[in-house]
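Residue numbers count from 1 along this sequence.
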Amino acid sequence: MNEHSFSPLDRHAVLTGANDSLPWLAGAMLTWEAGEVVRLRLEKFAHADPDSEQEFRLMVSEKISTALEAGARLFAGASFASIIKLYRERVAANAERLSA
């Protein structure tokens, strides 16, 4: 039989949300979380909030600075899991700020 058996490390990653052993899971979570931030921003833009222009400028500058930081980290030998973690931290901060 070809049944896949998950290692204790895989089970730990799924149960605790750790992403070191399952970077694909962290990538999938990043996709989901980023979609929520896009929704929150589009809502803000659609309602023409007074700070919409500032939000747009912040969004663009954050994307550029995070991409440069991620590139530098990759160039220095960082793992893809650590890059995904960097993006998830930034996305979480945006979600928290936009939800307030």
Side-chain angles (χ1 to χ4, degrees):
M1 258 192 213
N2 271 346
E3 289 184 17
H4 181 45
S5 174
F6 291 102
S7 72
L9 187 58
D10 290 338
R11 274 189 235 103
H12 170 74
V14 170
L15 294 175
T16 64
N19 62 7
D20 291 337
S21 64
L22 294 173
W24 61 267
L25 178 61
M29 291 301 298
L30 173 60
T31 302
W32 181 269
E33 294 157 353
E36 178 63 11
V37 169
V38 169
R39 183 192 68 77
L40 290 167
R41 280 190 171 135
L42 287 175
E43 213 173 82
K44 180 182 275 294
F45 297 152
H47 289 120
D49 284 355
D51 61 340
S52 291
E53 186 176 334
Q54 176 60 28
E55 180 61 35
F56 180 77
R57 292 177 194 277
L58 181 61
M59 174 183 70
V60 172
S61 66
E62 283 179 342
K63 289 185 182 310
I64 292 169
S65 66
T66 303
L68 290 172
E69 183 178 346
R73 286 185 182 194
L74 279 173
F75 190 69
S79 69
F80 286 112
S82 69
I83 300 303
I84 291 172
K85 181 180 178 190
L86 168 69
Y87 275 97
R88 286 188 75 195
E89 289 169 354
R90 304 285 167 87
V91 167
N94 283 326
E96 185 175 331
R97 180 176 46 78
L98 290 165
S99 295

Cluster check V38, I84: I/L/V/M/F/W/Y, side chain < 4.5 angstrom:
no
Nearest heavy-atom approach of A67 to Y87 is CA-OH, 3.4 Å
Give a yes or no on whether V37 and V60 share a hydrophobic cluster (residues Ile, Leu, Val, Met, Phe, Trp, Tyr; joining criterion: side-chain heavy atoms under 4.5 Å apart).
no
Are any side-chain N or O atoms of T66 and backbone N or O atoms of E62, one a donor and one an acceptor, separated by less than 3.5 Å?
yes
Shortest non-hydrogen contact between I83 and A78, atoms and distance
CD1-CB, 4.2 Å
I need the T31 OG1 to R88 CZ distance, nearest 0.5 Å.
10.0 Å
Between S99 (side chain) and E96 (backbone), is there a donor-acceptor pair under 3.5 Å?
no
Does CZ belonging to F45 count more than 12 external heavy atoms closer than 6.0 Å?
yes
Within-4.5 Å side-chain heavy-atom neighbours: F56 and M59:
yes
Would you compute the distance between atom CZ of R90 and atom OG of S65 and round it to the nearest 0.5 angstrom?
6.0 Å
Quick one: are L98 and E43 in side-chain contact, heavy atoms under 4.5 Å?
no
Do K44 and L40 come close enough that some side-chain heavy atom pair is under 4.5 Å?
no
CG of L74 to CD of E69, rounded to nearest 0.5 Å, is 11.0 Å
